[in-house]
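Just so you know, these numbers come straight off a predicted model, no measurement behind them.
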Amino acid sequence: MDQNVDITLKVNGQSVSRRIPARTNLVDFVRYELELTGSHVGCEHGVCGACTIRVDGQIVRGCLMLAAQADGAEVETIEGLSEDGSISDLQQAFHERNAVQCGFCTPGMLLTAEELLQKNPSPSREDIREFISGNYCRCTGYQAIVDAIERVANERSA
């Protein structure tokens, strides 16, 4: 029995087709097949958020989703959002507030922050803390991350 599947999806606006092992998770697919290395495998249990990727407009845990489940979907990684400038203000705020720290969690944090600001353009600090609570920062830079997100929310709503 063939353990491989054919998938076609759109990643950062580009159509991609591959024959891959059926058990390949989405984050490994984008990292190793497509060499989009911004998303990381952290805990491999969907707890830390380092593998956060956007699928059809919703953030998902890339380590919990099989690439085969994304067949036909539109996938956006941190590279796509960075290149089109969607999150440049968040990136700038993270940099200026020293919220980047070691950078391991940063792509997932940025994708999560962007989703928060799309759903709630004027979040309170408590809203921000709650929304990013599923993303772990190994450096414990949460104060700076919350500051950066709050700053962008205020700037975008001004």
Side-chain angles (χ1 to χ4, degrees), residues 3-119 128-129 131-149 151-152:
Q3 301 286 323
N4 294 315
V5 295
D6 295 312
I7 63 170
T8 298
L9 56 156
K10 194 173 271 191
V11 179
N12 298 332
Q14 302 290 317
S15 183
V16 174
S17 295
R18 294 283 195 282
R19 182 164 188 78
I20 59 168
R23 298 176 63 101
T24 303
N25 67 39
L26 185 58
V27 71
D28 284 342
F29 176 75
V30 298
R31 282 185 64 83
Y32 301 116
E33 283 289 323
L34 306 180
E35 298 180 358
L36 298 170
T37 58
S39 301
H40 304 278
V41 173
C43 66
E44 298 185 69
H45 298 284
V47 176
C48 75
C51 62
T52 302
I53 295 173
R54 191 184 291 172
V55 177
D56 290 334
Q58 302 274 326
I59 57 171
V60 300
R61 297 296 196 235
C63 71
L64 297 180
M65 183 173 190
L66 296 174
Q69 291 175 293
D71 186 34
E74 189 158 324
V75 174
E76 295 171 289
T77 66
I78 192 69
E79 290 87 351
L81 294 176
S82 299
E83 289 170 5
D84 75 8
S86 300
I87 59 169
S88 62
D89 55 351
L90 275 167
Q91 291 172 302
Q92 185 67 31
F94 270 58
H95 173 72
E96 290 175 3
R97 292 289 308 144
N98 196 28
V100 176
Q101 301 282 322
C102 79
F104 192 84
C105 72
T106 304
M109 285 287 190
L110 288 168
L111 284 169
T112 302
E114 181 61 19
E115 180 158 293
L116 168 63
L117 296 178
Q118 287 179 0
K119 291 181 174 180
I128 295 168
R129 285 189 189 97
F131 207 83
I132 67 169
S133 66
N135 291 65
Y136 293 164
C137 170
R138 297 173 182 195
C139 307
T140 66
Y142 296 106
Q143 186 69 32
I145 292 168
V146 171
D147 290 347
I149 296 168
R151 183 178 117 190
V152 171

task = Could you go through the side chain to side chain contact (heavy atoms under 4.5 Å, CB included) check for F94 and V152 one step at a time?
result = CA-CA 10 Å; F94 270 58; V152 171; over 6 Å; no
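- With hydrogens and angles ignored, the 3.5 Å screen pairs a side-chain donor or acceptor of D71 with a backbone N or O of T8.
- Applying the side chain to side chain contact (heavy atoms under 4.5 Å, CB included) criterion to A144, with sequence neighbours excluded, gives A99.
- Enclosure of atom CD in Q118 by more than 12 non-hydrogen atoms of other residues, nucleotides or ligands within 6.0 angstrom is indicated.
- Contact annotation: the side chain of P21 never approaches that of Q3 to less than 4.5 Å [non-hydrogen atoms, C-beta and beyond].
- Judged by distance alone, the side chain of T24 and the main-chain N or O of I20 form no donor-acceptor pair under 3.5 Å.
- Shown here are the ring-ring contact (aromatic ring centres under 6.0 Å, His included) partners of F104, two or more places apart in sequence or in another chain: H40.
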**Request:** Using the side chain to side chain contact (heavy atoms under 4.5 Å, CB included) rule, take C137 and I145 through it: C-alpha gap first, then chi angles, then the decisive distance, then the call.
**Result:** CA-CA 9 Å; C137 170; I145 292 168; 4.2 Å; yes
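- One finds a salt bridge joining R151 and E96 here, because a Lys/Arg side-chain nitrogen approaches an Asp/Glu carboxylate oxygen to under 4.0 Å.
- Separating the OG1 atom in T112 from the CG atom in L116 is a distance of 9.0 Å, to the nearest 0.5 Å.
- At least one side-chain heavy atom of R54 sits under 4.5 Å from a side-chain heavy atom of L81.
- The nearest pair of heavy atoms linking A70 to L26 is CB-CD1, 4.1 Å.
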### Task
With side chain to side chain contact (heavy atoms under 4.5 Å, CB included) as the test, would you mind laying out the steps for V16 and K10 before giving the verdict?
CA-CA 6 Å; V16 174; K10 194 173 271 191; over 6 Å; no
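- Scanning all heavy atoms of the two residues, the minimum distance from C63 to C51 falls at N-SG, 3.4 Å.
- Atom CD of Q69 sits in a crowded spot, with more than 12 heavy atoms from other residues, nucleotides or ligands closer than 6.0 Å.
- Note that the SG atom of C48 and the CZ atom of R138 stand 6.5 Å from one another [nearest 0.5 Å].
- Side chains of I132 and I149 form a contact here, defined as non-hydrogen atoms less than 4.5 Å apart.
- Interatomic distance, CD1 of I78 versus CD of E83, reported as 10.5 Å (0.5 Å rounding).
- Side-chain contact annotation: T77 with N12, donor-acceptor N/O pair under 3.5 Å present.
- Using a 4.0 Å cut-off between a side-chain N of Lys or Arg and a carboxylate O of Asp or Glu, R18 and E33 qualify as a salt bridge.
- Checking side-chain atoms of E74 against main-chain N and O of D56 turns up no donor-acceptor pair under 3.5 Å.
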Given M109 and Y142, is the side chain to side chain contact (heavy atoms under 4.5 Å, CB included) satisfied, shown in steps?
CA-CA 10 Å; M109 285 287 190; Y142 296 106; 3.9 Å; yes
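- Taking OG from S86 and CD from E76, the interatomic distance works out to 7.0 Å, rounded to the nearest 0.5 Å.
- With a 4.5 Å cut-off on side-chain heavy atoms, Q143 and R129 count as touching.
- Of all non-hydrogen atoms in S82 and I87, the two that sit nearest each other are OG-CD1, 4.2 Å.
- With rounding to the nearest 0.5 Å, the separation of OG in S39 from CD1 in I53 is 4.0 Å.
- Ion pairing between E35 and R31 fails under the 4.0 Å rule for side-chain N and carboxylate O.
- Going from atom OG of S17 over to atom CG of L9 covers 8.0 Å, rounded to the nearest 0.5 Å.
- The closest donor-acceptor contact from the side chain of T52 to the backbone of L111 lies at 3.5 Å or more, if one exists at all.
- Checked by atom type and distance alone, the side chain of E79 pairs as donor or acceptor with a backbone atom of T37 at under 3.5 Å.
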